[in-house]
Participant: 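Can you keep this structure in mind? I'll have questions shortly.
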Amino acid sequence: MYDHKDIERRWSLQWEKDNTYRTEDQTDGSKCYVLAMFPYPSGSGLHIGHARTYVGADIYARMKRMQGFHTLHPMGWDAFGLPAEGYALKNKKHPKETTEENIAVFKEQCMRLGLSYDWDREIATTDPAYYKWTQWIFLRLFEKRLAYESHEPVNWCPSCKTGLANEDLEGGRCERCGSAIEKKPIRQWMLKITDYADRLLDGLETLDGWSEYAKEVQRNWIGRSEGYRIPFAVPSCDYTISVFTTRPETLFGCSFVAISPESDHLQALLKDAENKDAVAAYCKQSEVLKVHEREKEITGVRLEGIVAKHPITNSEVPIFIADYVLAGHGTGAIFGCPAHDDRDFAFASLQKLPVVQVIEGDDDLPIVDVADDARLMHSGSYDGVLFEEAKDGIAADAGGERMVTYRLQDWVFARQRYWGEPIPLIHCSVCGVVPVPDEDLPVLLPEVASYEPSGTGESPLAAIDSWVNTTCPVCGGPGKRETNTMPQWAGSSWYHLRYIDPHNDHALVDKEKERYWMPVDRYIGGMEHATRHLIYARFWQKVLYDLGVVGTDEPYSVLRTVGIVQAEGGGKMSKRAGNVVDPVKIADTVGSDALRLYLMQMAPFNQTVAWDGNQIAGARRFLERVYAMKDRLSDDPVQGSLLKVQHQTAIAVTESIESGKYNTGVSALMVFSNALQKQIPQEAYCVLLRLLAPFAPFLTEEVWSFLGKKGSIHTESFPVGDQDIAKQGEVEVAVQVQGKVRGVVSVPRDASQEAVVALIAKHDALSERVSGRTVRVFVPNKIISYV
RNA sequence: GCCGAGGUGGCGAAAUUGGUAGACGCGCUGGUCUUAGGAACCAGUGGGGUAACCCGUGGAGGUUCAAGUCCUCUCCUCGGCACCA
C-alpha cells in the first residue's frame, strides 16, 4: 500500500515551491489555452461535479504542457451574486468575509486534487481590481447605446427580491429558489443583446469545436423566426395593427385579429372600444395568470364597436384581446386562421367565429400539417396555387413585408441587491444619466451595515446617502449614483480575457498578449450554461471585438461539456437525501490520483454518470500495481510485442485525451500495465509513467523521483506513438464462411490473399471448412470471406 | 408538438467507423498463499448445449459475402425549447 496522504501532501508543497505550473508571459510559439468554467465559491466546498470538470481540464492541460505547448491553465472565482449574499445572511457575516473564506477552502481543495493551475493568475470577480474592468466594459456598452434604462415590467422574484433576466427563469419560476415569478414595473438597466442576435446565431456556424447539441440549444434560445408583417387597418381608430405571421398563405382564412393583453396596440384601440372596462379587467386578470401557472386554456375578450379591415378582401374582421398571443413575439398581434392552426381553431370555437378552409386536405379541421403539394382554395385568384408559392404574393397583395423576430429578449442587467458590481452611472437632474469617467473606476461597492434586499425595487445601496450623493462629473452639480448592481453573469462574461493579463491596471488586457492567447483552445464546463453564461460571454466578446479591444469575436473555439455526476444509483445528489459525494473525502480515503483516474474511467467525459463507490477500488488497485512495479524493473530492451503495445498505448492515450474519451485512455494504460507484469523494462515503465502522469500526477511524480530522475515528470515530454511500430508484427485475419466467422489465422502484416489462403490450407479445421469454396472478399489484415 | 443525445453482459462501458461484439474495470465463481480476509496473486466469467454448434447490441423489416455500425418503419430513456403565430 502506498501512502497517498504523504505523497500527495509532499508533492503539492514541492510544486508550489518550484512554480512547476507557472505560465510565463510568452507571445510566440505554439500555445494552448485550457479553461474550465470557474466556480461560484459556495460554502459547501467543491462538489464531485467540479472535480470531474476540473480533472478533465487538468489532464488536457497537463498533456499539452508535456507536449511542449505554452499552456495557460488558470482558475478563479465567480464570487458575486445572489447565493453569496444569501449564504452570508444565513451565517450573519458580511459577504466579503464569507466569500474570502470560501475561496480559501476552494483553493485548498483544488490543490488537493492536484490541479495544475498557475495561481499567480488567480482572479475573483469581487476584487475591485477586477470589477473595475467589468464596469469599464459596461461604460463601453453604455456609450454604444447597448445599455439602456427601462421602466417596463420585468420578471420579479418575490423571494430573491430582485428583477431577473429571462435566462434566469425556468418554466415561469425563479431558477434559483423556485418561486413563482411576477411581473413588476421597476426601473432597470437592460443590455441590447437582441442587436447581436443574428451575429450570435451566425457565429455558431464557425464553431466546429462545439457539439451540435450545444449549438442547437443556443439556436433554440435565440429562436429566430422569419415571417411577414401584415397591416390590418382599423379605420375608426385611425390605427393600423401590424400582425406577425409565418403563414401569409392562410390570409384568406382569416376570421379574426387578436392582440396580446400586454401589447402596445392596446392603447390606440381602447379609446374607441365600447367595453373598455371589461377589456381592462381581462388584461389585469390575464397578467396574473400568465406569470403564475400558465393556463393552457385559451381565453379572450372582444373589443366591441371596432373592426379591422382584411387587407385583401376588405371585409370586416373582429378584434380580440387574447392571452395566447405573446407581447414579446413578433408584433404582439396575430391574425387568426382557425382552419389551419390549433389555437386559432380553439379560440374560434370559443368565440363562435367562422372557420374557412383555405388549403386543400382530407383531414378534419384544423389541418395544421399540410402536404407539400397542397394547393389553396377559397383564396380568390390564388385558388389552385401551391401554398408555398403563394406566400410572397399574398403577403405583397396585403401590403405586408418580411420581418424577423426572435425569442431572445434584451438582457435585464440590473439587480436590486447588494453583492454585485455597482453600475457606474450617475443621475444628474441637469445632465441626465452620466457615466462615471474611466479614471474614477472602480466605483467601489461600499461597506454597509445592512445589505439585506429592500424588496421595494431598490437596491440596499439606495439607503446609503453618503455613497449615493455625489457630484455630476459633467456639470459639477449634485448627482446621485445608480444603485442597481450587475447580475452575477457580468463578471463571467469576460473573465477568460483577464487571466491573460491579470495584474494589468491600465488596460483590460494587453493587446499583444490577447492576440497571442485568444481564443480559448478548450473550454470545459457544464451544459447548463449554454443558454446563459455562454450566450452572454459570446455577446460581450463580440462587443469588445467591435471596439477593437480583442482580436477575435468568438471566445471559445472548442467547447467540451461535462456530464453530470449523479448520486449512487442515479438521481440528483442532495443534502436532504444524504447522498452527496464529497471529492475531498474520497481523496482522503483512496487518494486524489485514484479519484481522478476513476472519474475519468467511468464513462466518456460528456456523459451523465452515476457515482459508484465500489468501482473506485479498481482505480486504486491499478495505481497500487503501477507503484509496486518500480521495484521489479529490468534493463531489458523494449522490443517485439511489448514495443508494439507501448506505441499503441501512447497513440490511444493521446487520442483519448484529445477527444474527451478519457475512459478509453485509462483502459489503454491498464492494458499496457498488464502487458508489463511479466517483465518490466525500465524504459517501458518510464513511458507508462509519463503517459499516466496527467491522470495521476502525484503517484507518477513520486515514482519518477524514486527512480532518481531529475526534475518533475510533469515537465518531461509526452510519449509519441509511432503508427508503424504500433502496427508491426503479425495480425489476425478472421476467416468467414457464408458470413459466419469460423476461425482466425495469424499472418504477417499486409500478407497477400494467396499467402492467407496457403496458411488456411495448413490449418486442419479451417481447411476442411473452406474446401470447395471460393473466396468472395479479401480485406488485408482483417478478413477473408468464403462463399 | 419541435429539436438534440442515447438504448450493447449482473453493472460502468469498448468496438480501428461496414470486417472476430463485449477491450478495460467492477461484481461474481473456483484456486493459491495466509491465524484471518471485505488483502494480494492465478484462472474463469454474454445466454443455451456433454459437444459439434445455435442464439445474441430495444423491436420489426431491408441492403450486403459481412450490420451494434448503413436504409425504412417502430418502441422506450434522458436533455433543451414551447400557447412562438
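Numbers restart at 1 for each chain; the letters A, B, ... are given by sequence-line order, proteins then strands.
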Participant: Of the options B:rG4, B:rC81, B:rA85, whose atoms approach the side-chain atoms of A:Ile334 most closely?
Facilitator: B:rA85
Participant: With a 3.5 Å limit on both atom pairs, tell me what B:rA60 is paired to, counting Watson-Crick and G-U wobble, or say none.
Facilitator: B:rU72
Participant: Quick one: look up who B:rG79 pairs with, Watson-Crick or G-U, both distances under 3.5 Å, and put none if it's unpaired.
Facilitator: B:rC3
Participant: Using atom P in both nucleotides, what's the gap between B:rG61 and B:rG80 to the nearest angstrom?
Facilitator: 36 Å
Participant: Strictly by modelled atom types, are A:Arg538 and A:Gln218 linked by a side-chain donor-acceptor pair under 3.5 Å?
Facilitator: yes
Participant: Would you indicate what A:Arg247 reaches in the nucleic acid, counting non-hydrogen atoms under 4.0 angstrom: base, sugar-phosphate, or nothing?
Facilitator: sugar-phosphate
Participant: Contact class for A:Arg620 (heavy atom, under 4.0 Å): base, sugar-phosphate, or nothing?
Facilitator: nothing
Participant: Looking at A:Arg532 and A:Glu175, is there a salt bridge between them, counting it only when a charged N and a carboxylate O are closer than 4.0 Å?
Facilitator: yes
Participant: In whole Å, what is the span from the CG atom of A:Asp344 to the P atom of B:rC84?
Facilitator: 10 Å
Participant: Heavy-atom count around A:Gln677 CD within 6.0 Å, excluding the residue itself: above 12?
Facilitator: yes
Participant: Which letter, B, S or -, goes with each nucleotide of nucleotides 11-30 of chain B from 5' to 3', with contact meaning a protein heavy atom under 4.0 Å?
Facilitator: -SSSS---BBS-BSBSS---
Participant: Hunt down the Watson-Crick or G-U wobble partner of B:rG25, both distances under 3.5 Å, from any strand shown, or write none.
Facilitator: B:rC11
Participant: So, is A:Arg343 near the phosphate of B:rC84, with a side-chain N or O under 4.0 Å from OP1 or OP2?
Facilitator: yes
Participant: Whole-Å distance between B:rA85 P and A:Phe345 CZ?
Facilitator: 20 Å
Participant: Mind calculating the distance between CD (A:Glu212) and C1' (B:rG79) to the nearest angstrom?
Facilitator: 15 Å
Participant: Both distances below 3.5 Å, Watson-Crick or wobble geometry, any strand: find the nucleotide opposite B:rA40.
Facilitator: B:rU32
Participant: Rounded to whole angstrom, note down the P distance from B:rC11 over to B:rG27.
Facilitator: 15 Å
Participant: When both hydrogen-bonding distances must be under 3.5 Å and the geometry is Watson-Crick or G-U wobble, what is B:rU16 paired with, if anything?
Facilitator: none
Participant: Roughly how many Å is it from OH in A:Tyr627 to C1' in B:rA40, rounded to a whole number?
Facilitator: 17 Å
Participant: Measure CD/A:Glu262 against P/B:rC84 and give the value in whole Å, please.
Facilitator: 15 Å
Participant: Classify the nucleic acid contact of A:Gly330 as base, sugar-phosphate or nothing, counting any heavy atom under 4.0 Å across all strands shown.
Facilitator: nothing
Participant: Does A:Arg407 make a side-chain N or O approach to OP1 or OP2 of B:rA82 shorter than 4.0 Å?
Facilitator: yes
Participant: Which whole number of Å gives the distance between the P atom of B:rA13 and that of B:rG7?
Facilitator: 9 Å
Participant: Can you tell me how far P in B:rU8 sits from the matching atom in B:rG58, rounded to whole Å?
Facilitator: 6 Å
Participant: Can you check B:rG56 for me, syn or anti if syn means within 90° of 0?
Facilitator: anti
Participant: Any cation-pi pair here, A:Arg620 with A:Tyr2, using under 6.0 Å and within 45°?
Facilitator: yes
Participant: Starting from C1' on B:rA5, measure out to CZ on A:Phe605 and report it in whole angstrom.
Facilitator: 17 Å
Participant: Indicate the atoms forming the closest heavy-atom contact of A:Pro366 with A:Pro338, along with that distance.
Facilitator: CB-O, 3.5 Å
Participant: Report yes if some heavy atom in the side chain of A:Ile359 is under 4.5 Å from a heavy atom in the side chain of A:Ile367; otherwise report no.
Facilitator: no
Participant: Scan every strand shown for a Watson-Crick or G-U wobble partner of B:rA67, both distances under 3.5 Å, and answer none if you come up empty.
Facilitator: none
Participant: Could you check whether A:Lys215 makes a cation-pi contact with A:Tyr213, meaning its NZ or CZ is under 6.0 Å from the centre of the six-membered ring and within 45° of the ring axis?
Facilitator: no
Participant: Across all strands shown, which nucleotide pairs with B:rC84 by Watson-Crick or G-U wobble geometry, both distances under 3.5 Å?
Facilitator: none
Participant: Which value, in whole Å, describes the distance between the P atoms of nucleotides B:rC53 and B:rG9?
Facilitator: 26 Å
Participant: So A:Arg532, base contact, sugar-phosphate only, or nothing? Heavy-atom distance under 4.0 Å.
Facilitator: nothing
Participant: Side chains of A:Met1 and A:Tyr627: does their closest heavy-atom pair fall under 4.5 Å?
Facilitator: no
Participant: Can you confirm if the aromatic rings of A:Phe347 and A:Tyr324 lie within a centre distance of less than 6.0 Å?
Facilitator: yes
Participant: Whole-Å distance between B:rA82 C1' and A:Asp342 CG?
Facilitator: 13 Å
Participant: How far apart are the closest heavy atoms of A:Trp221 and A:Thr531, and which atoms are they?
Facilitator: CE3-CG2, 3.6 Å
Participant: Say you pick atom P in B:rG19 and the same atom in B:rC71; how far apart are they, in whole Å?
Facilitator: 15 Å
Participant: Roughly how many Å apart are B:rU57 and B:rG47, using the P atom of each and rounding to a whole number?
Facilitator: 15 Å
Participant: Using the purine O4'-C1'-N9-C4 or pyrimidine O4'-C1'-N1-C2 torsion, is B:rU29 syn (within 90° of 0) or anti?
Facilitator: anti
Participant: Which one, B:rG80, B:rC83, B:rC81, comes nearest to the side chain of A:Val217?
Facilitator: B:rG80
Participant: Of A:Thr246 and A:Ala214, whose closest RNA chain B nucleotide lies nearer the 5' terminus?
Facilitator: A:Ala214
Participant: Separation of A:Asn220 atom CG from B:rG80 atom P, in whole Å?
Facilitator: 11 Å
Participant: Rounding to the closest angstrom, what is the interatomic distance between B:rG25 and B:rC70 at atom C1'?
Facilitator: 32 Å
